[in-house]
Amino acid sequence: MPESLSAVTRRLADADSELARLVEDEGRRQSECIRLIPSENYVSQAVLDATGTVLTNKYSEGYAGRRYYEGQQFIDQVETLAIERAQSLFGVEHANVQPYSGSPANLAVYLAFLKPGDTVMGMSLPMGGHLTHGWNVSATGRWFNAVQYGVRKEDARIDFDEVRELALRHRPKVIFCGGTAIPRTIEFDKFAEIAREVDAVLVADIAHIAGLVAGGAHPTPVGHAPVISTTTHKTLRGPRGAMLMSTEEHAKALDRAVFPGLQGGPHNHTTAAIAVALREAAEDDFKRYAAQIVANAKALADALLERGFDLVSGGTDNHLILADLTSKAIGGKPAAQALDRAGIELNYNTVPFDPRKPFDPSGIRLGTPSVTTRGLTEEHMAQIAAWMDDVVTAAGNEDESTIARVRGEVREFVAPFPIPGWPTP
Ligand code: DSN
């Protein structure tokens, strides 16, 4: 067993040293970087523990009390606990905790409410939506008649007159709101008004902001959207999984769509970890965490603006920032790659009305859920913006020595902020 392995991977190394080495390297990478991908986080030790339990050994197709396999005495209780915690945290009538991840959860929505060829409306991917909201390369855009809305060119905000006009013209059965690159508050009430007018089911995809909603740092869709879809691993800080929540009216249709419509056995170890995360999210500490995510994002946005970054919509209301690097004379991809070499991890992203291709777009997308989990606060954001500025400029000038200098400074900077589940160096 190699001496340099941490205690976390030493046991794994007894069985598989090659794999243990990779886990070790990834753990070190995560602890030595400033991780700014807005859909990622660091889960707690308890969530990690629940994920690595014997619950992974069990098949349990069906729902509590109605399974197709025996031996569900405890699995039923685990799933029920997760459901009850979701109901209580979000204030919803019904929760299904079985979807494997966000895309399958959204596909279950299609199966519950639409037939192939029916009309669905969602925000287009390059404007900030999600693949599964009807984007053309996704099954949802190929098998359904997808009508896509976007944002206004002037201020990058959703144009509700356009959304209403599209809805009246195309009469979608389902309208998705929410997305993956939306730096502003989602106005669920305005979407609900339009959905009512055309008799569509409004689905709020809160994958990105679920933790903010749970912690009171973003308005809730409950009372506006009868169906809510979310992943559990972003701001909610749980394992990689998803949930569908709804009013009682849609409970049966959604449950049938998840199983047997789309999936087989639920991943019980994930369900357990979701239950743990939901319990954590109900604590007062989590409210402080959610508020701090937003405070950090605003401070980081302000610091980036001061350094001449062009932010889509001019800033942020939530955890996420989208920057158009056109004015910095560099594409999003080479900038993201240089930042990664410098230990600052984010992703390249299209910006609304992007003239460049999705694989080589104009923007970068970043956010504060992970750094906030580590304990960074507003006072640290100016330094991160300064490094980003240095690296983006250096990347344009092929100045690798600046990138190497920042790499060293970043490593030193994050060292006092340990990550859960990983030993302090
Ligand atoms: N891949 C997720 C994100 O990064 O936003 C969305 O599915």
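All values below come from the heavy atoms of this structure, side chains included, with hydrogens, waters and symmetry mates left out. As the structure is a computational prediction, the values presented were derived from the model and not from experiment. For this chain, numbers begin at 1 and follow the sequence in order. Counting starts at 1 for both ligands and their atoms, in listed order.
Using a 4.0 Å cutoff on heavy atoms, H208 counts as a contact of ligand 1.
There is a side-chain donor-acceptor pair under 3.5 Å between H94 and D255.
Short contacts between ligand 1 and H130, defined as distances under 4.0 Å to a heavy atom of the residue, involve ligand atoms 6 (C), 7 (O). Every atom of ligand 1 with a heavy atom of T180 under 4.0 Å away is listed here by number and element: 5 (O), 6 (C). Annotation for ligand 1: atoms under 4.0 Å from non-hydrogen atoms of R365 are 3 (C), 4 (O), 5 (O).
Less than 4.0 angstrom separates atom 1 (N) of ligand 1 from none of the non-hydrogen atoms of the protein.
Here the side chains of R237 and S44 are not in contact, with every heavy-atom distance at 4.5 Å or above. Side-chain contact between V163 and K190 is absent, with no heavy-atom pair separated by less than 4.5 Å.
Rounding to the nearest 0.5 Å places CZ of R164 at 4.0 Å from CD of E197.
From the protein, the heavy atom lying nearest to atom 3 (C) of ligand 1 is S39 OG, 3.3 Å.
When ring centroids are compared, Y149 and F176 stay outside the 6.0 Å threshold.
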